[in-house]
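Start at 1 with the first residue, then count along the sequence.
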Amino acid sequence: MVYIEQITPELTWRLRRDVLYPTQKLFEMEMEQDSYGIHFGAFKDVKLAGVVSLFQNGTDFQFRKLAVDPLVQKTGIGNAILLYIEKHASDNGGDRIWCNARIQATGFYLKSGYKQTGKFFSKNSYNYEVMEKTIIRVNSY
């Protein structure tokens, strides 16, 4: 069972570093934008197993630095995180959710309903494609 809750940005740094940037120092994981985002942690057996940071700009939501512990990858934790932040975006008026996906991760996002935009770029020796998903809000009466 996976439990997801909001966490402080500092709690994302170790997993963010270990999974996405293993050669960097822990203090380098802080993003300038961290204070403007909402950060979520997925816990499995009371251990932090996945993290993501979510940023809102009007009805657009960008998630960044989605990282899942390699020991529990391919067990549904990444998908659970996506579903959680998609619901959060929907509940907060979002129309679109998007990310800068590393090229090797595009298959994961495609399986989760994200669309390729054809917008590519490189940063710090990593290649990315912008991927997005339209949020369908369901009115509840």
Side-chain angles (χ1 to χ4, degrees), residues 1-140:
M1 177 114 181
V2 175
Y3 177 74
I4 299 173
E5 66 179 34
Q6 188 172 342
I7 60 175
T8 64
E10 295 82 6
L11 290 177
T12 69
W13 297 347
R14 184 170 306 282
L15 197 54
R16 189 188 284 178
R17 190 264 326 263
D18 292 350
V19 175
L20 300 174
Y21 307 101
T23 62
Q24 292 186 331
K25 305 281 187 233
L26 190 60
F27 72 86
E28 294 175 296
M29 294 302 99
E30 182 176 9
M31 292 188 295
E32 200 174 300
Q33 304 85 356
D34 272 345
S35 61
Y36 302 109
I38 301 171
H39 311 275
F40 298 99
F43 294 84
K44 182 172 176 59
D45 301 326
V46 302
K47 181 178 184 272
L48 185 61
V51 296
V52 69
S53 299
L54 186 65
F55 302 88
Q56 182 176 2
N57 183 8
T59 61
D60 259 11
F61 283 78
Q62 179 190 17
F63 64 93
R64 300 179 65 187
K65 314 299 185 192
L66 173 61
V68 175
D69 185 328
L71 296 174
V72 292
Q73 286 180 2
K74 301 189 187 309
T75 65
I77 292 172
N79 192 55
I81 291 171
L82 286 180
L83 291 172
Y84 191 90
I85 63 173
E86 289 166 11
K87 182 177 182 327
H88 178 88
S90 176
D91 290 348
N92 288 278
D95 290 327
R96 180 177 82 121
I97 190 164
W98 65 281
C99 70
N100 297 322
R102 286 191 182 176
I103 295 303
Q104 65 268 29
T106 56
F108 166 73
Y109 294 112
L110 287 168
K111 288 181 200 170
S112 296
Y114 286 77
K115 306 288 183 216
Q116 295 176 286
T117 65
K119 298 174 189 169
F120 297 92
F121 68 95
S122 295
K123 183 178 177 183
N124 299 325
S125 302
Y126 296 103
N127 297 315
Y128 298 88
E129 180 176 10
V130 177
M131 298 190 73
E132 63 185 9
K133 186 175 190 177
T134 301
I135 297 172
I136 311 288
R137 286 196 303 273
V138 178
N139 293 329
S140 56

Exercise. Any donor-acceptor pair under 3.5 Å linking the side chain of H39 with the backbone of L11?
Worked result: no

Exercise. Can you name the closest pair of heavy atoms from F63 and I97 and give their distance?
Worked result: CD2-CG1, 3.7 Å

Problem set entry | Ion pair K44/D69, N-O distance below 4.0 Å | no

For this session: Run the salt-bridge test on D91 and K87 with the 4.0 Å N-O cut-off and return the result as yes or no.
Result: yes

Exercise. Considering only heavy atoms from C-beta outward, does the side chain of R17 approach that of E28 to under 4.5 Å?
Worked result: no

For this session: Look up atom CG in L66 and atom CZ in R102, then write down how far apart they are to the nearest 0.5 Å.
Result: 11.0 Å

Exercise. With a 4.5 Å limit on heavy-atom distance, are the side chains of H88 and L54 in contact?
Worked result: yes

Problem set entry | Note, V2 side chain near I81 side chain (heavy atom, < 4.5 Å) | no

For this session: Run the numbers on L110 and Q116 for side chain to side chain contact (heavy atoms under 4.5 Å, CB included), then give the verdict.
Result: CA-CA 8 Å; L110 287 168; Q116 295 176 286; 3.9 Å; yes

For this session: Return the minimal non-hydrogen interatomic distance between G118 and E129, and the atom names on each side.
Result: N-OE2, 2.9 Å

Exercise. Looking at NZ of K133 and OH of Y114, how far apart are the two atoms once the value is rounded to the nearest 0.5 Å?
Worked result: 5.5 Å

For this session: Kindly compute the distance separating NZ (K65) from CH2 (W13), expressed to the nearest 0.5 Å.
Result: 13.5 Å

For this session: Check whether any side-chain heavy atom of V19 lies under 4.5 Å from a side-chain heavy atom of V68, and answer yes or no.
Result: no

Exercise. Are side-chain heavy atoms of F61 and I85 found at a separation under 4.5 Å?
Worked result: no

Exercise. If every non-hydrogen atom of T59 is compared with every non-hydrogen atom of G93, which pair is closest and at what distance?
Worked result: CG2-O, 3.4 Å

Exercise. Which of parallel (below 30°), tilted (30 to 60°) and perpendicular (above 60°) describes Y126 and Y21?
Worked result: perpendicular

Seminar exercise, completed: In terms of heavy-atom contacts, L82 and S112 come closest through CD1-OG, 3.5 Å

Seminar exercise, completed: dist L20:CG -> R64:CZ (nearest 0.5 Å) comes out at 11.5 Å

Problem set entry | Test item: T117 side-chain N/O and V130 main-chain N/O as donor-acceptor pair under 3.5 Å | yes

Exercise. Would you say the side chain of Q33 lies within less than 4.5 Å of the side chain of S53, judging by non-hydrogen atoms?
Worked result: no

Problem set entry | Minimal non-hydrogen separation, N100 against Y128, with atom names | O-CD2, 3.4 Å

Exercise. So do the side chains of I135 and E86 get within less than 4.5 Å of each other, counting heavy atoms only?
Worked result: no

For this session: Identify the two heavy atoms, one from I77 and one from A42, that lie closest to each other, and give their separation to 0.1 Å.
Result: CG2-CB, 3.9 Å

Problem set entry | Check: Q56 main-chain N/O paired with Q62 side-chain donor or acceptor under 3.5 Å | no

Exercise. What is the distance from atom CG of N79 to atom NZ of K74, rounded to the nearest 0.5 Å?
Worked result: 12.5 Å

Problem set entry | Separation between CG of D95 and CG of D60, rounded to the nearest 0.5 Å | 8.0 Å

